[in-house]
Trainee: 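Below are the structure tokens for one structure; questions will follow.
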Number of protein chains: 2
Amino acid sequence: MLAVMSRDTLTADQIIRAAIELLDSEGLDGLNMRSLGKRLGSAATAIYWHIKTKDDLVRLAGDAVWNEVELPDLDSTNWRTAATAMATSMHAMLARHPWLGQAFGSHLLYGPGKARLDDHSLAIYEKAGFAAADADQAAGTVFVFVLGSALGPASQVSLTRRLGKNGADAERLLAETMSRAAEVAMEFPRLRERLDTAAAADYAMAPDGSFEFGLRAILDGLEARLAG
Amino acid sequence: MLAVMSRDTLTADQIIRAAIELLDSEGLDGLNMRSLGKRLGSAATAIYWHIKTKDDLVRLAGDAVWNEVELPDLDSTNWRTAATAMATSMHAMLARHPWLGQAFGSHLLYGPGKARLDDHSLAIYEKAGFAAADADQAAGTVFVFVLGSALGPASQVSLTRRLGKNGADAERLLAETMSRAAEVAMEFPRLRERLDTAAAADYAMAPDGSFEFGLRAILDGLEARLAG
DNA sequence: CAGCATAGTTGAACAAAGTTCAATCGCGCC
DNA sequence: GGCGCGATTGAACTTTGTTCAACTATGCTG
């Protein structure tokens, strides 16, 4: 039945796990087959026996990490607590795997992992009292917000890597980029005002606590619709 | 003063405009220096006289398209109408340039175009009555939602191009991908239910009207916070 | 136990794409 | 007419995804 291999042989799971590690540390464009092969202790081309293309690998890795999102129990909590917990867990997952946001913009990730998520989040909004079609859209709204929130950090990882590649000090160049952004912002009254108070460079990214703020606002809006 | 060139010579503006056209039709990974050169009627390497790197070009193109977003007049409308108009205009812009969502996840776009947008959107939420810090977060929430909404379509463009590259019929392969997604969804009760009613393949993307739905919910939530 | 089929690996090699560089071109100016 | 410099060119180098033919080792079958 199960063929037991004595030889040290690769498996798709092993490859996917290693790919996720590389993606986490190097970003979406830091993943390449040769260094992945090295990490696996085999030739880069051995991977192709198990996985069709790099795009496929990204899709598989992308779908795998959705499984890290915790699905709140719906029986013991009200919908809003559940919705908050799930969005927060997804947010945390995206912080661990910033490349997923990017991948979502280019690889059309849809597999069992994402389906598991979608199903549960629909359950939450149906429990809240939304009709099927509205539950769809409510879930989509939260999903899109959480995903969008991950793009800024993803950008930073990607950029740091790209800048650091050509020998130069990555941190310094990133800081430079940020300060150029600040310079641009200086020309606008409201942005300038912010630069005085807050850390200038952080402006391009989302300010602290903005995820919680946004999530609360969205759920408030959804809740209001239920009441109305 | 102004050096007038008789010879047909490239300008950065020309290059950026051509790059935007290519990006629109081919997606972020469809842009390459050689075909851009061809479109400009010059060697690919001539571009490097005017622009440092391809990454820079993407940043410049990305910042340029922000300028297509219309800034509503704040004196003649209430904040909510203005916020809706601006978000809708940005949504439309992203539909014209789906690659911008992707670029935002990898190139840390911040320039005059984006600053112009940020400034105006802060003005809207300050007018609404938010204190400076809250206006920041309110603006960020809407921004992230609109940006996130663009990732699905971007993904589709990117994928279509990638799939169509190797000779195969892009549409057919995309349909196949979608139906495989539908197959996965079949294993989950709530998703299956939707596949019965709606067009199955569209599920992975945002359903129709979900942008308007989400935007309304977010603004409802923000408005409630002002009242409370 | 010999030999064979087959799963799995390897390194060479190709193609696409970003970028560098030395050579050159052509325009305006002395 | 020749010089300088802004701008262009094509060749070439590098990185990276992928293919392919050769090879290896493992389990199976006679």
Side-chain angles (χ1 to χ4, degrees), chain A residues 1-16 18-19 22-23 26-61 99 103 106-107 158-159 161-168, chain B residues 1-16 18-19 22-23 26-61 99 103 106-107 158-159 161-168:
Chain A
M1 277 286 144
L2 275 179
V4 177
M5 298 280 146
S6 319
R7 182 156 54 145
D8 245 18
T9 203
L10 287 174
T11 67
D13 266 15
Q14 243 176 80
I15 295 171
I16 292 169
L22 256 179
L23 284 163
E26 306 290 337
L28 186 55
D29 19 64
L31 176 66
N32 72 73
M33 304 307 264
R34 286 180 237 261
S35 45
L36 181 57
K38 204 162 284 173
R39 169 173 293 240
L40 289 163
S42 55
T45 52
I47 295 164
Y48 286 91
W49 184 259
H50 305 275
I51 274 153
K52 235 182 303 182
T53 64
K54 185 190 175 186
D55 275 6
D56 254 29
L57 178 55
V58 171
R59 266 187 286 275
L60 290 166
W99 48 273
S106 57
H107 285 78
S158 225
L159 195 70
R161 194 195 108 81
R162 219 100 55 90
L163 291 175
K165 221 182 166 182
N166 296 347
Chain B
M1 276 286 145
L2 274 179
V4 176
M5 298 279 146
S6 318
R7 184 157 51 145
D8 245 18
T9 204
L10 287 174
T11 66
D13 266 14
Q14 243 176 80
I15 295 171
I16 292 169
L22 256 179
L23 284 164
E26 306 289 337
L28 186 55
D29 19 64
L31 176 66
N32 74 73
M33 304 307 264
R34 285 178 238 263
S35 46
L36 182 56
K38 203 162 285 173
R39 169 173 294 239
L40 289 164
S42 54
T45 52
I47 296 164
Y48 286 90
W49 185 259
H50 305 275
I51 274 152
K52 232 181 307 183
T53 64
K54 185 190 174 184
D55 275 6
D56 254 28
L57 178 55
V58 171
R59 266 187 287 275
L60 290 166
W99 48 274
S106 57
H107 284 78
S158 224
L159 196 70
R161 194 195 109 82
R162 220 99 55 91
L163 290 176
K165 220 181 166 182
N166 296 347

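Side chains are part of it too, since the values below use all heavy atoms of this structure and drop only hydrogens, waters and symmetry mates. Proteins get letters first, then strands, A, B, ... in listed order; numbering begins at 1 in each.
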Trainee: Can you list the residues that meet the side-chain contact (heavy atoms from CB on, under 4.5 Å) rule with A:T53, with sequence neighbours excluded?
Mentor: A:D55, A:D56

Trainee: Can you list, by residue number, the residues of residues 35-52 of chain B that have a non-hydrogen atom closer than 4.0 angstrom to DNA chain C?
Mentor: B:T45, B:Y48

Trainee: Could you tell me, to 10°, how much the axis swings from one end of the helix from C:dC1-D:dG30 to C:dC30-D:dG1 to the other, five pairs per end?
Mentor: 30°

Trainee: Among the candidates C:dG18, D:dT8, D:dT18, find the nucleotide nearest to the side-chain atoms of A:M33.
Mentor: D:dT18

Trainee: Contact class for A:L31 vs. all strands (heavy atom < 4.0 Å): base, sugar-phosphate, or nothing?
Mentor: sugar-phosphate

Trainee: Round to a whole Å and report the spacing from CG of A:L10 to P of D:dT24.
Mentor: 19 Å

Trainee: Do A:S106 and B:D29 have side-chain atoms, one donor and one acceptor, less than 3.5 Å apart?
Mentor: no

Trainee: For B:R39, give me all partners under side chain to side chain donor-acceptor pair (under 3.5 Å), at least two apart in sequence or on another chain.
Mentor: B:E21

Trainee: Figure out the CG/P separation between B:D29 and C:dG18, and round it to whole Å.
Mentor: 11 Å

Trainee: Taking only residues two or more places apart in sequence, or in another chain, which ones meet A:N32 in a side chain to side chain donor-acceptor pair (under 3.5 Å)?
Mentor: A:S35

Trainee: Strictly by salt bridge (Lys or Arg N to Asp or Glu O under 4.0 Å), give each pair with a member in residues 41-52 of chain A just once, sequence neighbours left out.
Mentor: none

Trainee: Taking CG from A:D55 and P from D:dT16, how many angstroms apart are they, rounded to a whole number?
Mentor: 16 Å

Trainee: Could you tell me how far apart A:R34 (CZ) and C:dA13 (C1') are, to the nearest whole angstrom?
Mentor: 10 Å

Trainee: Could you pull out all residues at least two apart from A:D13 that satisfy side chain to side chain donor-acceptor pair (under 3.5 Å)?
Mentor: none

Trainee: Please report the distance, rounded to the nearest Å, between CG in A:D8 and C1' in C:dT9.
Mentor: 12 Å

Trainee: Quick one: pull up CD1 in B:I51 and CZ in B:R59 and give me the separation to the nearest 0.5 Å.
Mentor: 11.5 Å

Trainee: Measure the distance from CD1 on B:I15 to C1' on D:dT8 and round it to the nearest whole Å.
Mentor: 12 Å

Trainee: What residues, two or more places apart in sequence or in another chain, satisfy side-chain contact (heavy atoms from CB on, under 4.5 Å) together with A:L36?
Mentor: A:I15, A:A18, A:A19, A:L22, A:L31, A:L40, A:I47, A:L57

Trainee: If I take atom CH2 from residue B:W99 and atom CD from residue B:E26, how far apart are they, to the nearest 0.5 angstrom?
Mentor: 13.5 Å

Trainee: Can you tell me the distance, in whole Å, between the CZ atom of B:R161 and the P atom of C:dA16?
Mentor: 12 Å

